Amino acid sequence: MKFQDSKIYIAGSGGMVGGSLVRRLEDLNYREPIVRSSSDVDLRDQSAVEKLFQAEKPEIVIIAAAKVGGILANDRYRAEFIYDNLMIEANLIHAAYRHGVGKLILLGSSCIYPKMAMQPIKEEYLLTGPLESTNEPYAIAKIAGIKLCESYYRQYGCNFYSVMPTNLYGINDNFDLETSHVIPALIRKFIDAKRTGETSVTLWGTGTPRREFLYVDDLADAVIYLMEQTESVDIYGQGITHINIGYGTDITIRELAATIAGIVGFEGDLDFDTSMADGTPRKLLDVSRLSALGWEHKINLKDGLERIVEWYMRTYGQKTSTGISQ
Ligand code: GFB
């Protein structure tokens with residue numbers, strides 16, 4: 001592989017996605033990547049980022065660093081979601097340009113697309129309609145990131161581009177019930193209910209929204225695959241600004257809940273708190289571009305969920321529910 005000896009900087013290596021990228025490079029016998037914890041380098045601070053690039057001189061940068069969370073966190077911490085993400089992207093992309101980085105890949109999110117986009121969602125649907133309001137600040141920051149990469153390519157010829165993963169799940173996810181995404185929340189709720197003998201579990205919204213879920217190790221595999229073979233000219237040359245990374249099929253939140261309840265062995269009822277937001281009714285990515293490049297997911301949803309339930313029990317099994325927060 002042509003990049004095996006390159007100096008690759010994984011920004012956000014302390015998170016679920018960044019950690020998985022580091023493990024994937026290790027599996028492929030890559031040179032040890034450059035990593036920094038968020039307490040060592042605050043990526044919102046331009047001078048700190050500049051110092052990091054001066055010291056490490058990365059040849060490739062993958063941006064997995066971001067302020068992320070589920071539907072409630074996005075809605076409640078709107079200022080943090082837009083400010084932190086804009087600063088992280090702008091600082092890293094500008095430093096990569098100034099220091100002559102040979103390739104940069106920015107990770108975004110499927111929430112960049114219009115709320116009522118046609119399904120499955122093609123890359124070219126970006127900026128064709130209004131966004132879902134609960135995550136508009138986060139989506140605007142990620143769209144700005146896409147446009148930063150595109151603009152640095154068009155003005156300076158930088159080999160920078162973006163990839164848009166669908167909803168992700170995996171080990172080291174955030175299991176805090178207020179700020180997490182739906183999969184870790186449901187795993188924790190069903191395990192806690194089983195443990196305490198509760199007869200029902202409350203979900204947010206109506207249970208009818210449809211979501212597509214990809215295991216984080218598949219995402220990491222796809223990103224490294226693209227890094228090895230795709231240049232920015234390939235992306236922009238197709239008249240698009242980014243490439244979707246998805247699972248290919250979606251399910252309703254009610255079906256997801258039934259699957260997780262089955263894995264955990266919870267046999268009680270599902271209640272729906274309809275005062276909580278549903279968010280986008282559906283966001284299934286069109287992955288035909290990625291498929292044409294020869295990549296498909298390997299871990300099916302049921303197997304992935306079983307792995308996470310098993311990991312959660314091993315990691316938090318002995319603790320009370322109040323002992324788990326992030
Ligand atoms: O995963 P989630 O928080 O994010 O919620 P989004 C997905 C769906 O699950 C929504 C429902 O319809 C929620 O109402 N849901 C049901 C729950 N019960 C729960 C629960 O206990 N916790 C949570 N969190 N949801 C986020 C965006 O949207 O997805 C971000 O806000 C980002 O910007 C991310 O794109 C991937 O899929 O709705």
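Counting starts at 1 for both ligands and their atoms, in listed order. These numbers were taken from a predicted model, which means no experiment stands behind them.
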Partners passing side chain to side chain contact (heavy atoms under 4.5 Å, CB included) against Asn244 (at least two apart in sequence or in another chain):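 Tyr113, Glu123, Met164, His242, Leu285.
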Ligand 1 contacted by Glu132 (non-hydrogen, < 4.0 Å):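 Per 4.0 Å heavy-atom rule, Glu132 does not contact ligand 1.
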Ala185 touching ligand 1 at heavy-atom level, < 4.0 angstrom: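 Under 4.0 Å: yes for Ala185.
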Where is the nearest protein heavy atom to [atom]: which residue, which atom, and how far?
atom                    : value
atom 35 (O) of ligand 1 : Ser109 OG, 2.8 Å
atom 4 (O) of ligand 1  : Ile71 N, 3.8 Å
atom 11 (C) of ligand 1 : Trp204 O, 3.9 Å
atom 8 (C) of ligand 1  : Ile253 CD1, 3.6 Å
atom 12 (O) of ligand 1 : Asp278 O, 2.6 Å
atom 36 (C) of ligand 1 : Asn167 OD1, 3.4 Å
atom 37 (O) of ligand 1 : Arg211 NE, 2.7 Å
atom 34 (C) of ligand 1 : His181 NE2, 3.2 Å

Residue of the set Lys189, Lys194, Arg188 for which salt bridge (Lys or Arg N to Asp or Glu O under 4.0 Å) holds with Asp192: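 Looking at Lys189, Lys194, Arg188, the match for Asp192 under the salt bridge (Lys or Arg N to Asp or Glu O under 4.0 Å) is Arg188.
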Salt bridge (Lys or Arg N to Asp or Glu O under 4.0 Å), paired with Arg24, selected from Asp217, Asp221, Asp218: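 Testing each of Asp217, Asp221, Asp218 against Arg24, the sole residue satisfying salt bridge (Lys or Arg N to Asp or Glu O under 4.0 Å) is Asp221.
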Give the numbers and elements of all ligand 1 atoms closer than 4.0 Å to a heavy atom of [X].
X      : answer
Pro209 : 12 (O)
Cys111 : 33 (O), 35 (O)
Asn74  : 27 (C), 30 (C), 31 (O), 33 (O)
Leu203 : 18 (N)

Pairs touching residues 141-150 that satisfy side-chain hydrogen bond (donor to acceptor under 3.5 Å, both in side chains), sequence neighbours left out: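 Sorted pair list: Lys147-Glu150, Glu150-Arg154.
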Side chain, backbone, both or neither: [X] near ligand 1, heavy atoms under 4.0 Å:
X      : result
Tyr138 : side chain
Ser110 : neither
Met276 : neither

Charged N-O contact under 4.0 Å between Lys283 and Glu132: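 Here Lys283 does not pair with Glu132 in a salt bridge, since their nearest N and O are not under 4.0 Å apart.
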Any donor-acceptor N/O pair, Ser6 side chain to Ile8 backbone, under 3.5 Å: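 Such a contact is absent between Ser6 side chain and Ile8 backbone.
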Sidechain-backbone polar pair: Tyr161 side chain, Thr230 backbone, donor-acceptor under 3.5 Å: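 Here the side-chain-to-backbone pair exists.
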Modelled atom types, side-chain donor and acceptor of Ser180 and Asn174, under 3.5 Å: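 No, no side-chain donor-acceptor contact under 3.5 Å.
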Between Glu50 and His99, a side-chain donor and acceptor under 3.5 Å: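 Short answer, yes.
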Min N/O separation Lys189 to ligand 1 under 3.5 Å: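 So ligand 1 has an N or O lying under 3.5 Å from an N or O of Lys189.
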Polar atom proximity, Ala277 to ligand 1 (N or O, under 3.5 Å):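 By distance alone, the answer is yes.
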Heavy-atom proximity to atom 15 (N) of ligand 1, best of Leu168, Thr179, Val182: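 Residue with the shortest heavy-atom distance to the ligand atom: Val182.
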Rounded distance [0.5 Å steps], CG in Leu226 versus CD1 in Ile235: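 Taking CG in Leu226 and CD1 in Ile235, the distance rounds to 7.0 Å.
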Cation-pi check, Arg307 onto Tyr215 ring (under 6.0 Å, within 45° of axis):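 The answer is yes; both the distance and angle limits are met.
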Close aromatic pair by centroid cut-off 6.0 Å: Phe81 and Tyr77: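 When the ring centroids of Phe81 and Tyr77 are compared, they turn out to be at least 6.0 Å apart.
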